[in-house]
Trainee: 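Pasting in a structure now, in structure tokens, and then I'll have a few things to ask.
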Number of protein chains: 2
Amino acid sequence: MSKILLVEDDENLGPSLKKYLEDEGFTLELVATLKLAKRDPKKFDMIILDWMLPDGQGLDFLRELRAQKINIPVIMLTARADLVDRILGLETGASDYMTKPFEPRELVARIRVQLRNVKSSHEFLESDHLDLGALHIDDLKREVYFEDHKIELTKMEYELLRLMAREPGRAFSREEILNKVWGMENYPSTRTVDTHVLQIRQKTKDDLIETLRGIGYRMKA
Amino acid sequence: MSKILLVEDDENLGPSLKKYLEDEGFTLELVATLKLAKRDPKKFDMIILDWMLPDGQGLDFLRELRAQKINIPVIMLTARADLVDRILGLETGASDYMTKPFEPRELVARIRVQLRNVKSSHEFLESDHLDLGALHIDDLKREVYFEDHKIELTKMEYELLRLMAREPGRAFSREEILNKVWGMENYPSTRTVDTHVLQIRQKTKDDLIETLRGIGYRMKA
DNA sequence: GGTAATTGTCAAAGTATTGTGAAAAAATTG
DNA sequence: CAATTTTTTCACAATACTTTGACAATTACC
């Protein structure tokens, strides 16, 4: 289930492309401005970036990404057949490009090439399991053990636990948790986080997660 | 430990990379020309190939290897702007690529992924059958037995079962299953996977395959 | 100690995902 | 090319999960 960030301000193209790609089985997040795009690009497996954006150049965004060593594949969409833009884009680190207008089918094919062949580097660098005292998270099996017995977590509980277990001792605000686990769209209320923390606490029968009143939560180190 | 052939003519990068990888526990052989590389590539477990070589194209070397049915993983090192080369390389059968400059750490991670893949498929190829509790897959005959009686599976069902049985306990997303069983061309909807899982479940009359809601499926270990 | 704000807890309502069978489409076979 | 088998899609049912909201418990602050 690959997550794609679509940066497109065209009010027709954006939503229709989103729908098309979702029908193809991808998870999409559509934003219209670079400001929104910059919030947390790391959590995506791929970025599709319109080159002609109102609040700045796509090129700068791409440059920033690469400067931060974020090597997610980026497919750029250029409106005209502007050779200079394409060359600049590729030199800056775009993985591929499409010139508008294009066939959605072709875009899908190119997306698959990128996703199949090049897993994002943070995925490679992350180990496939995580130990924290009595807690053991196996990412490959997607299983969680606590004190040697398996506990069943739902998807959200799992994501939440993993997010916090990766950085034990660090404080997370509810907003940060929502951003990183839920994403920018379907953004539930902050109380939802509480409910999931409760579930995890009940299932592990232990206070792995500490409450920081007025702040958020923290994983015991 | 794994033997790696490093084809790199850069007098700085070559030796330093060799040392770095040797410190990581790999056995390295560094050659600067394709002529040397071609001597006996078969004896290595992996090849790391610089794309920009003086005495010819890395692409040709790769093509030769694959023509001789030598399926050693090849990681190619390319410059950023060589989009065409990258795509050509992957289409010719490169396993992965790194764009220079890169983090040695990341290269190591990618090497491990490739070696792991080869190992599992190699192990599987060596033995012509596979046992998993009451399930027995005879890959030579292409027959499947469950609790000592034969069950008839169609091609897709067989491929799907074999993919998952090869790594019991591991979680597979529908996208990964589609990629590995169906490949890139004629890519059906993700629900197709569900249907085939259903068929297998009905034919084996057992929950060999667990559902991971929101994630995908997993073979019982 | 009293009060307001924050968090814990639970169950019901609302969503999303998956199971299932059958029909349509595609591929294979004779 | 017709018959058969397989694959894929679709619709709807079943199920599991998520979110909300109400109220209780706790904490912080005066």
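This one's a predicted model, so the numbers in the text were calculated from it and none came from an experiment.
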Trainee: So what does B/Thr192 hit on the nucleic acid, given a heavy-atom distance under 4.0 Å: a base, only sugar-phosphate, or nothing?
Mentor: base
Trainee: Side chain of A/His196, heavy atoms from C-beta onward: which of C/dC10, D/dT18, C/dT7 has the nearest atom to it?
Mentor: D/dT18
Trainee: Is there, by distance only and without an angle test, a donor paired with an acceptor across the side chain of A/Arg213 and the base of C/dT7 below 3.5 Å?
Mentor: no
Trainee: Any chance NZ of B/Lys141 has more than 12 other-residue heavy atoms, nucleotides or ligands included, within less than 6.0 Å?
Mentor: no
Trainee: Using side-chain hydrogen bond (donor to acceptor under 3.5 Å, both in side chains), reason through A/Asp131 and A/Tyr145 one step at a time and then give a plain yes or no.
Mentor: CA-CA 10 Å; A/Asp131 280 292; A/Tyr145 292 85; over 6 Å; no
Trainee: Need one value for B/Thr195: base, sugar-phosphate or nothing, where a base atom within 4.0 Å counts as base even if backbone is also close, heavy atoms only.
Mentor: base
Trainee: From C-beta outward on A/Leu198, which listed nucleotide comes closest to its side chain: C/dG19, D/dT20, C/dC10?
Mentor: C/dC10
Trainee: Would you find a donor on one side and an acceptor on the other, under 3.5 Å apart, between the side chain of A/Arg201 and the backbone of A/Ile209?
Mentor: yes
Trainee: Looking only at side-chain atoms of B/Lys155, point me to the closest of D/dT7, C/dC10, C/dG19.
Mentor: D/dT7
Trainee: Hey, does A/Arg191 reach any base, or is it just sugar-phosphate, or nothing, if we go heavy atoms under 4.0 Å?
Mentor: base
Trainee: Name the closest nucleotide to the B/Trp182 side chain, picking from D/dT8, C/dG8, C/dG19.
Mentor: D/dT8
Trainee: Given D/dT18, is OP1 or OP2 found less than 4.0 Å from the side-chain N or O atoms of A/Gln199?
Mentor: no
